[in-house]
Amino acid sequence: VILDEKKLDEILDDFEISLLESDVAISVVDKIIGDIKSELYSKKIRKSELDSTIKNALRKSLQDVIKNPEKSFEEMMEEKTEKPFVIAFVGINGTGKTTTIAKIAKRLKDRGYSCVISASDTFRAGAVEQLETHSKKLGVKLIKHSKGADPAAVAFDAIKHARAKGIDTVLIDTAGRMETNTNLMDEMKKIIRVAKPDLILFVGDALTGNSALEQAEKFNSAVGIGGVILTKADADVKGGAALSIAEATGRQIFFLGTGQEYDDLEAFDAGKFIEEILG
Amino acid sequence: KLGDSLSGVLRKISRAGLIDERLVKEVIKDIQRALLSADVNVKLVMKISKKIQERALKEKPKAGLGRKEHIITILYEELSNLLGSSKNYSLPNKSRILMVGLQGSGKTTTTVKLARYFSKRGLSTSIIAADTYRPAAYEQLFQLAEPFKIRIYGEPENKNAIEIVKYGLQELNTSIVILDTAGRHRKEEELFKEMREINKKFKPDEKFLVIDSNIGQQAGAQAKAFHESIGITGVILTKLDGSARGGGALSAVAETGAPVRFIGVGEKMGDLEVFNPERFISRILG
Ligand SMILES: Nc1nc2c(ncn2[C@@H]2O[C@H](COP(=O)(O)OP(=O)(O)OP(=O)(O)O)[C@@H](O)[C@H]2O)c(=O)[nH]1
Ligand SMILES: Nc1nc2c(ncn2[C@@H]2O[C@H](COP(=O)(O)OP(=O)(O)OP(=O)(O)O)[C@@H](O)[C@H]2O)c(=O)[nH]1
Ligand SMILES: [Mg+2]
Ligand SMILES: [Mg+2]
């Protein structure tokens with residue numbers, strides 16, 4: 001039975017709408033649906049199997065984009081023999097970078113790793129104080145300079161301190177910045193040039209719509225993203241931004257932020273995510 | 001004033017002589033893409049495009065308008081209707097303003113921007129710091145407001161937001177009092193309960209929902225939850241200095257019946273603009 005193209009288009013239109021409603025960026029949806037159309041158009045498919053065939057094709061194309069990271073966080077750290085393992089956290093304003101750093105610091109501590117936090121957001125009101133509160137609560141050392149200091153210098157200082165004390169990890173908090181602000185994107189490049197992190201994590205908000213694509217692209221071309229953390233996944237979202245970001249950067253999601261407490265950090269499960277998107 | 005993606009679309013129509021149903025359908029598809037990429041709600045996009053298609057096919061363009069201008073006019077009218085016929089924002093002479101919204105949307109920053117906006121216009125303004133969850137929330141407000149000599153009432157050690165509101169109201173006697181609250185979303189029932197109690201104690205004249213323009217399809221559902229909980233009277237859209245086009249605002253207005261009053265266009269206290277519907281629609285149309 002040759003595929004009924006009209007029927008295929010109808011079913012794909014429904015999937016297209018559900019992907020868009022899940023916050024997958026429109027150009028990413030176009031690519032996914034387009035790939036499936038070209039794969040299925042001239043195939044022989046039994047009418048009774050049309051729905052499941054399309055779903056499987058959709059699942060396969062999603063699996064090409066979204067996978068579990070090749071190595072876990074701790075595996076990446078273990079691979080590097082020379083301490084410290086330096087991780088920088090970047091992203092636009094208000095996505096949860098600072099809170100996520102506190103969660104990561106707690107996770108590392110629970111697993112027996114020592115860490116130092118670099119207060120490299122030297123711009124925003126209350127940013128250093130926010131980190132100070134977390135570092136005191138967690139019993140983690142914080143390296144900070146005075147307000148308005150050079151963010152790269154704070155990072156340099158933190159790494160120097162970690163090296164001297166044999167500390168396992170340095171977590172660098174940076175100021176939120178809009179991908180459209182060239183000065184701030186340049187400032188971030190400088191922080192990365194000086195700190196030479198082993199891993200740069202893009203922290204994105206799971207509620208983000210189409211701009212997730214532009215943000216991820218700009219941050220990736222500026223400094224190269226090594227991985228992603230998607231926050232506020234507890235806000236009843238499908239989190240299609242994960243797909244947009246993975247498509248834009250070829251990088252994978254390490255964790256989901258699932259709340260405002262230290263333990264609200266879950267390892268990302270690509271399979272579970274794909275099934276939820278497929279509804 | 002239309003962005004290039006849509007101008008290109010509409011150039012197709014102006015070159016066509018007669019109204020061709022197939023061409024209109026093609027143009028509608030392009031309009032849908034522009035709206036979807038601007039984060040307008042999917043169902044709303046379908047509703048808008050259906051209306052435009054009906055009107056484009058059955059209405060005669062007004063005298064002097066070509067086909068292209070006619071479709072642009074219909075598009076603008078439909079989007080303007082969604083934004084509501086909000087008369088211009090008139091400066092209150094006395095007001096209690098409550099700021100609510102999702103985590104990280106820009107409430108605290110906007111609170112101080114607003115306070116500065118009012119005090120520059122001769123209205124004495126003070127702020128109550130009622131976010132008892134976020135570490136250093138009081139410090140953040142204090143550092144932002146201090147250069148403008150705007151008074152902040154806060155009790156950093158007190159975890160009871162309702163008490164802070166109560167004592168703040170006793171202490172402050174400015175014409176405008178703005179209340180900053182903790183971020184919260186519709187799945188956090190305890191926090192929504194707290195918001196209702198804060199609302200009861202504060203008895204605000206104005207309740208602003210602060211929304212990040214980067215928000216996607218969740219804008220409507222979240223706005224609806226806030227509205228059902230305490231009743232929203234105005235929307236403030238932040239971070240419009242990024243690439244987000246802010247289509248979620250249309251859903252927020254649709255769900256709350258409240259107009260967009262201000263937009264945030266940067267991190268500094270001067271980066272607040274009064275909402276301009278025409279400019280906003282041009283931005284949405286990209
Ligand atoms: N519900 C929920 N809230 C979160 C999550 N992660 C962070 N938040 C909240 O989001 C808000 C912003 O968090 P921050 O850590 O200050 O964000 P940031 O990216 O450092 O912000 P800037 O430094 O200003 O760019 C805070 O209210 C956090 O408690 C999460 O996974 N779930
Ligand atoms: N570029 C830009 N940044 C903004 C704008 N409004 C707020 N921000 C930034 O967004 C981040 C979050 O702002 P906050 O005012 O802390 O947000 P909030 O809603 O009070 O956050 P919570 O209290 O944690 O829920 C900060 O880095 C602000 O400087 C804006 O219009 N443009
Ligand atoms: Mg931060
Ligand atoms: Mg705040």
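All of these numbers come straight from a predicted model, not from anything done at the bench. Each chain gets a letter, A, B and so on, in the order its sequence line appears, and its residues count up from 1.
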Which portion of A:E214 sits near chain B, non-hydrogen atoms under 4.5 angstrom: side chain
Ring center gap for B:F275 and B:F262 short of 6.0 angstrom: no
Residue part contacting chain A, namely of B:R33, when any heavy atom lies under 4.5 Å: both
Top contributor to chain A contacts, counting heavy-atom pairs under 4.5 Å, from B:G183, B:S213, B:G104, B:P135: B:P135
Interface residue of largest heavy-atom contact number with chain A, from B:L36, B:D212, B:V42, B:D39, under 4.5 Å: B:D39
Residue part contacting chain A, namely of B:L141, when any heavy atom lies under 4.5 Å: neither
B:D271 with B:K113: basic N within carboxylate O range, under 4.0 Å: no
Best-contacting candidate, A:D236, A:T133, A:V237, A:L131, against chain B by heavy atom pairs under 4.5 angstrom: A:D236
Part of A:E179 lying under 4.5 Å from any heavy atom of chain B: side chain
Segment of B:K187 engaging chain A (4.5 angstrom heavy-atom cut-off): side chain
Between B:G247, B:A244, B:A136, B:S243, the one whose heavy-atom pairs under 4.5 Å with chain A are most numerous: B:S243
Salt-bridge criterion met for A:K106 and A:D110 (N-O under 4.0 Å): yes
Chain B contact via A:A235 - which portion, at a heavy-atom distance below 4.5 Å: both
Donor-acceptor pair, side chain of B:E188 and main chain of B:H185, under 3.5 angstrom: yes
Part of A:D30 lying under 4.5 Å from any heavy atom of chain B: side chain
Per-residue contact mode, A:I92 against chain B (heavy atom under 4.5 angstrom): side chain
Polar side-chain atom of A:T231 near backbone of A:T95 as donor-acceptor pair, under 3.5 Å: yes
Ring centers of A:F254, A:F268 separated by less than 6.0 Å: no
Check: B:F226 ring centre within less than 6.0 Å of B:F192 ring centre: yes
Cationic N near anionic O, under 4.0 Å, A:E132 to A:K144: yes
Under 3.5 Å donor-acceptor, A:S38 side chain and A:D35 backbone: yes
Atom group of A:K238 that falls short of 4.5 Å from chain B, counting heavy atoms: neither
